[in-house]
Amino acid sequence: MNLQKKLPRKFYTRNVHIVAKELLGKFLVRKIGRKYLIGKIVEVEAYDGLVDEAAHTYSGRTKRNEVMFNEGGFLYVYFTYGMHFCSNVVTGKLNEGKAVLLRALEPVNGMEQMAINRFWGKNISAWELKDLTNGPAKICRAFGIAHSENGTDLTGEEIFILASPRINANKIASSTRIGIKKSVDLPWRYYIKNNSFLSRK
DNA sequence: CCACGGATTGGCT
DNA sequence: GCCAATCCGTGGA
């Protein structure tokens, strides 16, 4: 794994479904001081802007969703259920309002720190690897992603994604998206088949 | 101004 | 499997 080999802007400015599928198998990196938190992306969902009733941007620009209208390659972080953050990779061109929700990672490096971030205060010795980042809000907890990370440029030094070979199409599965009430039949959740760090089967 | 409910999680039945 | 937790953006009055 080459920490210098960051995905460039042009990776992100393409079609949201292409980017979603190509993000599978790539490595999300958070640099904190000299330490690196790293996880392999194994599950995502595409949110397709104005043609997608389930997308936050469907009804137009608001203060909450404005980062999602950037061109590709920025991090859109939102707060929900009164306690959770979720992160998205913005895709496409300026003002399209499209993004890929990061739903599950396979921890690769910095697991001790992820466990501290996720379970602060309680039972810190009993953490299990597969419970660190197998859900969209868990990723944010483990990686310390919250309000202040909203709008982070993924071509920068703080949070970025490493280039790595594309996952073979026959190892990728799709399904309907999880937890939404609109556009429930669209098969826009993509994940690596049989990976044990998925948020769901 | 106020009421509603959410791209979730974890604990309890 | 069910449901409470706990903010705050959003939309309707």
Side-chain angles (χ1 to χ4, degrees), chain A residues 12 15-17 19-21 23-24 28 39 41-70 72 74-92 96-107 114-152 154 159 173-192 196-201:
Chain A
Y12 299 106
N15 175 280
V16 66
H17 298 284
V19 174
K21 284 181 267 197
L23 279 173
L24 294 174
L28 177 69
I41 299 168
V42 299
E43 177 184 342
V44 298
E45 284 174 0
Y47 285 87
D48 205 351
L50 297 175
V51 301
D52 181 1
E53 282 190 281
H56 285 172
T57 49
Y58 181 72
S59 305
R61 184 185 298 261
T62 66
K63 191 170 186 180
R64 181 200 199 201
N65 67 23
E66 61 183 0
V67 167
M68 210 171 142
F69 284 97
N70 280 338
F74 290 85
L75 195 70
Y76 166 51
V77 180
Y78 68 89
F79 183 67
T80 192
Y81 293 107
M83 64 186 88
H84 297 304
F85 292 93
C86 296
S87 31
N88 299 253
V89 173
V90 178
T91 72
E96 286 185 351
K98 306 188 181 195
V100 176
L101 172 68
L102 301 177
R103 283 201 57 92
L105 307 179
E106 178 175 333
M114 291 184 200
I116 291 167
N117 291 345
R118 218 166 105 46
F119 304 112
W120 58 277
K122 59 163 197 177
N123 218 8
I124 199 65
S125 57
W127 60 274
E128 291 186 41
L129 191 60
K130 63 173 167 43
D131 193 42
L132 288 177
T133 53
N134 62 336
K138 293 179 184 180
I139 291 173
C140 289
R141 279 288 291 276
F143 276 64
I145 293 172
H147 278 310
S148 53
E149 281 68 37
N150 188 32
T152 300
L154 296 173
I159 304 173
S174 64
S175 78
T176 56
R177 294 173 291 181
I178 293 168
I180 57 173
K181 297 228 167 87
K182 296 170 184 170
S183 302
V184 292
D185 294 327
L186 298 171
W188 288 351
R189 170 178 176 248
Y190 306 105
Y191 58 96
I192 298 178
S196 49
F197 296 89
L198 300 176
S199 68
R200 310 215 190 159
K201 297 293 170 191

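Fair warning: this is a prediction, and the values are worked out from it, not measured in the lab. Numbers restart at 1 for each chain; the letters A, B, ... are given by sequence-line order, proteins then strands.
A/Leu132 has its CG atom 15 Å from the C1' atom of B/dT9, to the nearest Å. The NZ atom of A/Lys181 sits 14 Å away from the P atom of B/dC4 (whole-angstrom rounding). If you take CD of A/Glu45 and P of B/dG6, they are 15 Å apart, rounded to a whole angstrom. Separating the NZ atom of A/Lys138 from the P atom of B/dG11 is a distance of 10 Å, rounded to the nearest angstrom. Look at CZ on A/Arg141: it is 12 Å from C1' on B/dT8, rounded to the nearest Å.
Within the structure, every pair that satisfies the side chain to side chain donor-acceptor pair (under 3.5 Å) test and touches residues 133-146 of chain A, not counting sequence neighbours, is listed here: A/Asp131-A/Lys138, A/Asn134-A/Lys138.
Taking A/Ser183 as the reference, nothing meets the side chain to side chain donor-acceptor pair (under 3.5 Å) condition, with sequence neighbours excluded. Checked against side chain to side chain donor-acceptor pair (under 3.5 Å), A/Ser174 has no partners two or more places apart in sequence or in another chain. Shown here are the ring pair (Phe, Tyr, Trp, His ring centres under 6.0 Å) partners of A/His56, two or more places apart in sequence or in another chain: A/Tyr76, A/Tyr78.
Taking atom P on both C/dG1 and B/dA7, the two are 22 Å apart, rounded to the nearest angstrom. With both ends at atom C1', the span from B/dG10 to C/dC8 equals 22 Å, rounded to whole Å. Comparing B/dC4 with C/dA4, their P atoms are spaced 15 Å from each other, to the whole Å.
A donor-acceptor pair under 3.5 Å links the side-chain atoms of A/Asp52 to the main chain of A/Ala54, judged by distance alone. Within the 3.5 Å criterion, the main-chain N or O of A/Gly49 finds no donor-acceptor partner in the side chain of A/Glu96. Looking at A/Arg103, its side chain never comes within 3.5 Å of a backbone N or O of A/Leu198 through a donor-acceptor pair.
A/Ala54 comes within 4.0 angstrom of a nucleotide base, judged by non-hydrogen atoms across all strands.
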Generate the contact string for nucleotides 5-13 of chain C. Rules: B means base contact, S means sugar-phosphate contact only, - means no protein heavy atom under 4.0 Å.
BBB-SSS--

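Looking at A/Ser199 and A/Glu43, their side chains do bring a donor and an acceptor atom within 3.5 Å of each other.
For the OP1/OP2 pair of B/dT9 and a distance below 4.0 Å, the side-chain nitrogens and oxygens of A/Arg118 include no atom meeting the criterion.
What you find for A/Ala142 and A/Asn117 is that their closest heavy atoms are O-ND2, 2.7 Å.
Here the side chain of A/Ala137 is nearest to one of B/dG10, B/dA7, B/dT8, namely B/dT8.
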Reading 5' to 3' and counting Watson-Crick or G-U wobble pairs with both distances under 3.5 Å, write the dot-bracket notation for DNA chain C, | for bases paired outside the strand.
|||||.||||||.

